[in-house]
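In this chain, residues are counted from 1 in sequence order.
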Amino acid sequence: MSYVFTPPATVAVPVLGRPEQFPVNRVYCVGRNYVEHAKEMGFTGREPPFFFLKPANAVVVVPAGQTGSVPYPTLTKDYHHEIELVVCIGKGGRNIKAADARAHIFGYAVGLDMTRRDLQGEAKKLGRPWDIGKGFDQSAPIGPITPAAAAGDIDKADIWLTVNGADRQRSNVAKLIWNIGEIIEYLSAAWELAPGDLIYSGTPEGVAAVVRGDTLKGGVTGLESLSVKVA
């Protein structure tokens, strides 16, 4: 088959302990999925889960033990970090029940949902989509994937982020409003999940701005940590 131009390379994330890489299909993100973060964004209660997407080429792959680089994006003066547990789908499906969700998970990783907060806020006020605030270039850094069997008790794992060595975000996956199984149930009712899909499961409280030169280090207990510098 010939193309009018060379197709872009497949975005792929390394897998700890395996030579194969995980090819990225779609990137789903869950909004306001920790109680305290929902409060700091002006919301309370267990509202139905909602989702937004980032393009696969927003993913920035950071190998184990390295510090990746992301540019300070254009058009914003309020660039925020959001540390997240990323769920990596290995088996697709539609209308997956929460009780069956684990069979569809290949592994887990640590990710950052980087956000142009001022642009997102303006879009919210105008009732417009969030794409310009969330789905921009290099807005989804991710560390290596740990296979599910090696990830330990992910449902009770600590999640944290420091900026230049100072604590910014610190919580526990047990504080998710909608847990991993429930997220997959809701998502798979709206979209047919496919191998290669990444689900950024939400961020805890403590989101804040970063500037050029800041180094962000985040982790989830049992997973390879993630380190990124804002260029």
Side-chain angles (χ1 to χ4, degrees), residues 7-34 38 46-61 82-113 129-131 134-135 139-157 159 172-203 220-224 226:
T10 299
V11 178
V13 184
V15 179
L16 292 177
R18 294 181 59 162
E20 309 99 326
Q21 298 210 339
F22 182 94
V24 176
N25 184 39
R26 289 167 293 194
V27 181
Y28 297 98
C29 302
V30 188
R32 295 196 297 263
N33 201 28
Y34 282 83
R46 197 175 192 241
E47 61 183 329
F50 67 94
F51 310 96
F52 57 92
L53 285 85
K54 293 177 183 265
N57 62 8
V59 172
V60 178
V61 177
E82 298 190 10
I83 191 68
E84 312 216 358
L85 168 67
V86 183
V87 181
C88 311
I89 298 298
K91 176 185 174 184
R94 186 185 293 279
N95 295 318
I96 301 164
K97 297 301 181 185
D100 302 323
R102 300 291 171 170
H104 295 260
I105 298 172
F106 173 81
Y108 304 93
V110 180
L112 280 163
D113 166 19
W130 294 3
D131 300 59
K134 288 287 192 178
S139 61
I142 189 172
I145 296 170
T146 298
D153 190 357
I154 202 71
D155 294 307
K156 297 179 181 178
I159 180 171
N172 191 282
V173 175
K175 295 183 179 181
L176 283 169
I177 296 172
W178 297 94
N179 66 36
I180 294 167
E182 292 168 331
I183 291 168
I184 290 174
E185 181 172 304
Y186 268 86
L187 262 179
S188 66
W191 292 272
E192 183 172 358
L193 293 182
D197 287 345
L198 300 176
I199 304 170
Y200 281 60
S201 60
T203 196
V220 173
T221 303
L223 307 182
E224 184 72 29
L226 171 64

For residues [X] and [Y], report the shortest heavy-atom separation together with the two atoms involved.
| X | Y | value |
| --- | --- | --- |
| V220 | V110 | N-CG2, 3.7 Å |
| I159 | V173 | CG2-N, 4.4 Å |
| A101 | G181 | CB-CA, 3.8 Å |

Would you compute the distance between atom [atom1] of [X] and atom [atom2] of [Y] and round it to the nearest 0.5 angstrom?
| X | Y | atom1 | atom2 | value |
| --- | --- | --- | --- | --- |
| H104 | L187 | NE2 | CG | 13.0 Å |
| I154 | I105 | CD1 | CD1 | 9.5 Å |
| N172 | T221 | CG | OG1 | 7.5 Å |
| N33 | L176 | CG | CG | 5.0 Å |
| E84 | I142 | CD | CD1 | 10.5 Å |
| L226 | I83 | CG | CD1 | 6.0 Å |

With sequence neighbours left out, write down each residue that passes side chain to side chain contact (heavy atoms under 4.5 Å, CB included) with [X], or none if nothing qualifies.
| X | value |
| --- | --- |
| L53 | Y28, W191 |
| N57 | P55 |
| N25 | A194, D197 |
| Q21 | A12, P14 |

Sorted by first residue and then second, give each salt bridge (charged side-chain N to carboxylate O under 4.0 Å, His left out) pair with at least one member in residues 174-187; sequence neighbours left out. R46-E182
Within residues 48-61 or reaching into it, pairs that qualify as salt bridge (charged side-chain N to carboxylate O under 4.0 Å, His left out) - sequence neighbours excluded: K54-D113
Measure the acute angle between the ring planes of F50 and W130, then classify it against the limits of 30° and 60° as parallel, tilted or perpendicular. perpendicular
Indicate yes or no for a side-chain donor-acceptor contact from S188 to the backbone of L193 under 3.5 Å, with no hydrogens or angles considered. no
Counting N and O atoms only, with roles assigned by atom type, does the side chain of S201 sit under 3.5 Å from a partner on the main chain of L85, one being a donor and the other an acceptor? yes
By ring-ring contact (aromatic ring centres under 6.0 Å, His included), which residues pair with [X], not counting sequence neighbours?
| X | value |
| --- | --- |
| F51 | none |
| W178 | Y186 |
| F22 | F106 |

Checking R102 now: which residues fulfil side-chain hydrogen bond (donor to acceptor under 3.5 Å, both in side chains) with it, not counting sequence neighbours? Y108, D155
Taking only residues two or more places apart in sequence or in another chain, which ones pass salt bridge (Lys or Arg N to Asp or Glu O under 4.0 Å) with D100? none
N/O donor-acceptor pairs under 3.5 Å from side chains in residues 91-99, not counting sequence neighbours:
none

